[in-house]
Amino acid sequence: MYLARIHVRFKPGVLDPQGAAILGALNHLGFEGVKSARTGKMIEITLEAEDRSAAGRTVREMCEKLLANPVIEDFTFEIAEENL
């Protein structure tokens with residue numbers, strides 16, 4: 001059993017209104033040292049696979065087909081063995 005942690009973020013240059021709102025709010029609250037904020041999402045998936053490499057291939061396919069929009073988002077992921 002494997003646990004995949006997938007991080008999906010907007011590509012550089014893509015408008016991130018939620019990140020802009022967070023930046024504005026942090027500055028408004030007095031956190032003046034904050035110069036930028038970008039948002040994204042983290043997805044955890046537990047899956048069965050033959051080995052870590054097979055789990056990685058499956059997760060990559062999931063990202064390319066569903067979890068990330070390749071036009072505006074990048075993704076990274078890590079795979080860990082899960083003992084359930």
Asker: Output yes when a side-chain donor or acceptor of Asn27 lies under 3.5 Å from a complementary backbone atom of Val34, and no otherwise.
Answerer: yes
Asker: Could you check whether any side-chain heavy atom of Thr58 comes within less than 4.5 Å of a side-chain heavy atom of Leu47, counting everything from C-beta outward?
Answerer: yes
Asker: Is there any salt bridge (charged side-chain N to carboxylate O under 4.0 Å, His left out) pair reaching into residues 54-63, and which pairs are they, with sequence neighbours excluded?
Answerer: Glu61-Lys65
Asker: Can you tell me how far apart CD1 (Ile43) and CZ (Arg5) are? Round to the nearest 0.5 Å.
Answerer: 13.0 Å
Asker: Treating Tyr2 as the side-chain partner and Arg52 as the backbone partner, does any N or O pair qualify as donor plus acceptor under 3.5 Å?
Answerer: yes
Asker: At their closest point, which heavy atom of Ala4 faces which heavy atom of Ile79, and how far apart are they?
Answerer: CB-CD1, 3.7 Å
Asker: Verify, without hydrogens or angle tests, whether Arg38 (side chain) and Lys11 (backbone) share a donor-acceptor contact under 3.5 angstrom.
Answerer: yes
Asker: Roughly how far apart are Thr39 OG1 and Leu23 CG, rounded to 0.5 Å?
Answerer: 12.0 Å
Asker: Starting at CE of Met1, measure out to OG1 of Thr46 and round the result to the nearest 0.5 Å.
Answerer: 7.0 Å
Asker: With rounding to the nearest 0.5 angstrom, report the CD to CZ distance, Glu44 to Phe77.
Answerer: 15.0 Å
Asker: Linking directly or through intermediates, with side-chain heavy atoms under 4.5 Å: list the remaining ILVMFWY members grouped with Ile72, chain and number order.
Answerer: Phe10, Val14, Val71
Asker: At their closest point, which heavy atom of Val8 faces which heavy atom of Leu67, and how far apart are they?
Answerer: CG2-O, 3.9 Å
Asker: For the residue pair Gly19 and Asp16, what are the closest heavy atoms and their distance?
Answerer: N-OD1, 2.9 Å
Asker: Enter the distance from Phe75:CZ to Glu64:CD here, rounded to the nearest 0.5 Å.
Answerer: 5.0 Å
Asker: Any chance you could lay out the side-chain contact (heavy atoms from CB on, under 4.5 Å) test for Val59 and Ile6, step after step, and finish with the verdict?
Answerer: CA-CA 8 Å; Val59 169; Ile6 303 155; 3.8 Å; yes
Asker: Any chance you could measure Met42, atom CE, to His7, atom NE2, to the nearest 0.5 Å?
Answerer: 6.0 Å
